[in-house]
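The chains referred to below are lettered A, B, ... by the order of the sequence lines, with proteins before strands, and numbering in each begins at 1.
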Number of protein chains: 2
Amino acid sequence: MAASRHADALRAAQMYYLQDLTMDAIARELRTSRSTVSRLLSAARDSGLVQVQIRNPLDTGPELEGMIRRRFNVDVHVVPVLETLNEAETLDRVAMQAARTIGPLVDSNAIIGVAWGSTLSAVSRHLTRKITHDSVIVQLNGAGNMHTTGITYASDIMRRFGSAYGARVEQFPVPAFFDHAATKTAMWNERSVQRILELQAKMSIAIFGVGSVNADYPSHVYAGGYLDETDLNILATSDVVGDVATVFFRSDGSSDGIILNERSTGPALAELRQVRRRICVVSGVSKINGLRGALAANLATDLILDEATARRLVDFESLAPRNG
Amino acid sequence: MAASRHADALRAAQMYYLQDLTMDAIARELRTSRSTVSRLLSAARDSGLVQVQIRNPLDTGPELEGMIRRRFNVDVHVVPVLETLNEAETLDRVAMQAARTIGPLVDSNAIIGVAWGSTLSAVSRHLTRKITHDSVIVQLNGAGNMHTTGITYASDIMRRFGSAYGARVEQFPVPAFFDHAATKTAMWNERSVQRILELQAKMSIAIFGVGSVNADYPSHVYAGGYLDETDLNILATSDVVGDVATVFFRSDGSSDGIILNERSTGPALAELRQVRRRICVVSGVSKINGLRGALAANLATDLILDEATARRLVDFESLAPRNG
DNA sequence: AAGCACTATGCACAAATGTGCAGATCGGAC
DNA sequence: GTCCGATCTGCACATTTGTGCATAGTGCTT
């Protein structure tokens with residue numbers, strides 16, 4: 001019976017994690033084999049029954065975290081990763097740790113805004129299950145592009161979030177950028193779009209990566225056929241350093257007068273800043289410029305990033321300090 | 001260097017619990033041996049760096065918990081324990097699980113009231129460390145008795161709580177019962193005593209067991225020389241079923257007119273009910289009557305008890321149901 | 001600088017845990 | 001009933017983790 005299996009998993013988890021019994025002892029109490037207990041415990045972990053949290057006492061925490069926390073006023077989680085690992089491995093590990101860090105923040109009745117991109121895709125693959133009620137996952141920005149090729153990214157990401165948290169998924173079926181600002185204005189008056197925008201306005205959590213224009217391995221936005229040459233030229237000549245959910249900004253965090261944003265479908269930065277919990281996940285030093293701009297714009301309340309990038313962020317700061 | 005060890009423990013914990021690396025892999029990244037990593041992880045667990053929580057979805061939870069939760073309106077944690085285990089083993093396992101369940105509830109700036117007795121003693125032995133700031137452990141009731149023998153219980157219990165949470169400990173240096181109510185009145189006007197009473201009034205958490213008069217293996221209060229024969233006779237003839245922190249009550253939860261309470265040093269039930277979080281730990285079916293009274297008196301917001309007792313509590317209820 | 005007490009380290013082994021596989025069990029479909 | 005597919009189970013083995021012990025630091029005292 002499936003129900004009894006769940007109950008057994010709960011009992012086993014309690015005995016294993018809270019009473020320090022060995023699986024062998026648990027097997028005897030549950031009148032089953034040790035291997036079954038091992039599997040019950042796996043199931044308990046996978047299904048989010050067991051939550052492991054690492055709480056590092058803020059004051060005794062590593063130098064690096066303290067500096068970033070103080071300088072940028074964000075709750076920071078530096079993911080320990082050897083600097084010698086390649087980008088893909090680093091991303092994977094940052095993503096896994098991000099997924100597990102996000103878990104405890106998600107609660108029932110949450111409205112969770114999710115962006116898309118390689119970072120979020122990786123995160124979505126490592127989410128741990130957690131059953132919530134009446135939660136909603138809402139897509140932050142459109143994902144269509146002019147080639148319409150392959151990238152089912154966005155919907156896959158959303159789906160994974162939805163099933164991890166047992167939440168309803170609200171896709172945002174518009175292109176990432178409109179060709180004409182006027183189309184956006186028109187669409188924004190459509191009831192179907194307004195429903196999404198209203199959900200976004202009520203978000204309690206937003207989760208996003210950052211794009212960085214000069215990344216060695218550029219974000220999808222800059223390489224994926226979302227923008228044409230003219231657009232890319234505009235970006236290059238307007239001091240843009242990066243984007244969050246396809247909304248661009250400069251290194252000082254400003255975004256006024258960036259004409260492309262009028263055609264972008266992501267939430268305006270001011271709007272994003274209204275969200276109580278804004279979780280930014282960054283992997284790879286090449287994103288440093290974008291990250292710096294995002295922090296300057298105060299887009300994140302929580303920052304999860306790899307150690308190398310964290311170190312670079314701090315070095316950068318100490319070379320070009322800032323008063324205030 | 002001790003600081004680097006702590007930092008290593010944190011890194012190791014993150015890599016092990018959040019990135020699913022094996023200890024072997026972590027050892028290589030940390031340039032140390034696998035056994036050291038194993039020990040670092042133990043240290044991380046012991047020091048409260050790693051918190052494991054079991055969250056059982058309330059609605060899918062076992063029948064038993066649901067019934068108790070609904071009937072008594074408490075947040076209940078049933079500890080799975082074989083009914084064949086003896087009292088001591090059961091107590092040990094309930095205590096361990098209680099300790100770990102309490103952990104996450106303790107926070108900085110908390111004022112934690114702690115009773116004493118065999119249950120609390122066992123719990124105190126299993127507390128997991130958690131660093132908090134400006135927390136205080138305050139003793140709920142005096143522990144002195146007329147034989148003054150051996151029982152350093154109370155102070156040991158308090159000390160363990162204090163060191164687990166890095167909290168200041170405030171003992172209550174009075175006997176459990178005064179011989180004369182007038183002495184209590186006098187003492188209660190002393191500034192040194194008032195300081196404790198004021199702390200108690202500001203408690204955010206209270207942790208206690210229950211005493212049960214007819215327990216096969218009676219609580220210390222009833223056997224430990226705290227009361228003389230006259231007192232015990234009074235108890236026997238006044239329908240008292242148990243006590244919390246040496247304050248007695250009847251099976252319906254009432255305590256008015258129980259003369260012994262006027263000489264007791266524990267907080268009046270009405271006072272205890274003011275505390276936001278009141279955690280009651282119970283192990284052993286022989287405490288069922290006391291427990292029942294405590295629940296009727298609405299003394300607990302959180303109840304941690306062994307499975308056999310939980311089952312008995314529910315059976316008892318279904319035999320003698322109650323409306324409302 | 002030497003001596004001492006204490007702690008941390010790595011090794012080698014012991015114990016505990018994870019998993020591929022073959023057989024058992026279960027729940028429909030016919 | 002029985003056949004089939006899917007799932008669950010326990011075994012045997014592989015992997016991972018824990019720990020006693022001898023050794024190597026480490027800091028403090030004299």
Side-chain angles (χ1 to χ4, degrees), chain A residues 1-54 60 62 80 82 89 92-93 96-97 100 125-126 128-129 163, chain B residues 1-54 60 62 80-82 89 92-93 96-97 100 125-126 128-129 131 163:
Chain A
M1 192 202 302
S4 116
R5 194 177 160 78
H6 187 272
D8 278 355
L10 179 62
R11 284 175 71 96
Q14 292 183 98
M15 295 195 265
Y16 190 77
Y17 290 104
L18 302 182
Q19 295 178 23
D20 281 351
L21 301 188
T22 69
M23 295 189 183
D24 213 28
I26 297 170
R28 281 194 298 275
E29 296 213 1
L30 256 45
R31 298 172 191 291
T32 181
S33 74
R34 199 186 46 69
S35 13
T36 296
V37 174
S38 170
R39 283 185 267 250
L40 282 175
L41 290 172
S42 294
R45 283 188 299 266
D46 292 347
S47 67
L49 217 64
V50 177
Q51 300 264 99
V52 178
Q53 268 186 73
I54 311 273
T60 69
L82 276 190
E89 287 175 302
D92 203 57
R93 288 173 54 172
M96 188 178 303
Q97 189 159 335
R100 303 202 179 175
R125 250 177 269 275
H126 290 294
T128 50
R129 293 179 75 75
S163 74
Chain B
M1 191 201 299
S4 118
R5 194 177 160 78
H6 188 271
D8 277 355
L10 179 60
R11 284 175 73 97
Q14 292 183 99
M15 295 195 265
Y16 190 78
Y17 290 104
L18 303 182
Q19 295 178 22
D20 281 350
L21 302 187
T22 69
M23 295 188 182
D24 213 29
I26 297 170
R28 282 195 298 275
E29 297 212 1
L30 258 44
R31 297 171 191 291
T32 181
S33 74
R34 198 189 44 71
S35 13
T36 296
V37 174
S38 169
R39 283 185 267 250
L40 282 175
L41 290 172
S42 299
R45 283 187 298 265
D46 293 347
S47 67
L49 217 64
V50 177
Q51 300 262 100
V52 177
Q53 268 185 76
I54 311 272
T60 70
V81 173
L82 275 189
E89 287 174 302
D92 203 57
R93 287 173 56 173
M96 188 178 305
Q97 189 160 334
R100 302 201 180 177
R125 251 177 268 274
H126 291 294
T128 51
R129 295 179 72 76
I131 294 115
S163 75

Legend entry - Any side-chain donor near an acceptor of the partner, A:Q97 and B:Q19, under 3.5 Å: yes

Inset, instruction - Compute the angle between the rotation axes at the two ends of the helix from C:dA1-D:dT30 to C:dC30-D:dG1, each taken over five pairs, rounded to 10 degrees. - result: 30°

Legend entry - d(CG, A:L40; C1', D:dT9) in whole Å: 11 Å

Legend entry - A:T32 side-chain N/O to D:dG10 phosphate OP1/OP2 under 4.0 Å: yes

Inset, instruction - Give a yes or no on whether the backbone of B:S38 and the side-chain of B:S42 come within a donor-acceptor separation of less than 3.5 Å. - result: yes

Legend entry - Between P of D:dT15 and CD1 of B:I26, the distance in whole Å: 19 Å

Legend entry - Listed partners of A:R28 passing side chain to side chain contact (heavy atoms under 4.5 Å, CB included), at least two apart: A:D24, A:A25

Legend entry - Residues which pass side-chain hydrogen bond (donor to acceptor under 3.5 Å, both in side chains) with A:S163, listed by chain and number, not counting sequence neighbours: none

Strictly under 3.5 Å: I want the nitrogen or oxygen pairs between protein and nucleotides 14-18 of chain C, one per line.
{"residue": "C:dT17", "atom": "OP1", "partner": "A:Y16", "partner atom": "OH", "Å": "2.7"}
{"residue": "C:dT17", "atom": "OP2", "partner": "A:M23", "partner atom": "N", "Å": "2.9"}
{"residue": "C:dG18", "atom": "OP2", "partner": "A:S38", "partner atom": "OG", "Å": "2.9"}
{"residue": "C:dG18", "atom": "O6", "partner": "A:R34", "partner atom": "NH2", "Å": "2.8"}

Legend entry - side chain to side chain contact (heavy atoms under 4.5 Å, CB included) partners for B:Y16, two or more places apart: B:M23, B:I26, B:L41

Legend entry - A:R45 and its side-chain contact (heavy atoms from CB on, under 4.5 Å) partner, picked from A:V50, A:T128, A:V52: A:V50

Inset, instruction - Would you mind reading off the distance between B:R28 atom CZ and D:dT16 atom C1', rounded to a whole angstrom? - result: 13 Å

Legend entry - Integer-rounded Å distance: D:dG10 P and A:L30 CG: 11 Å

Show me the protein contacts with nucleotides 22-26 of chain D, counting only N or O atoms at under 3.5 Å.
none

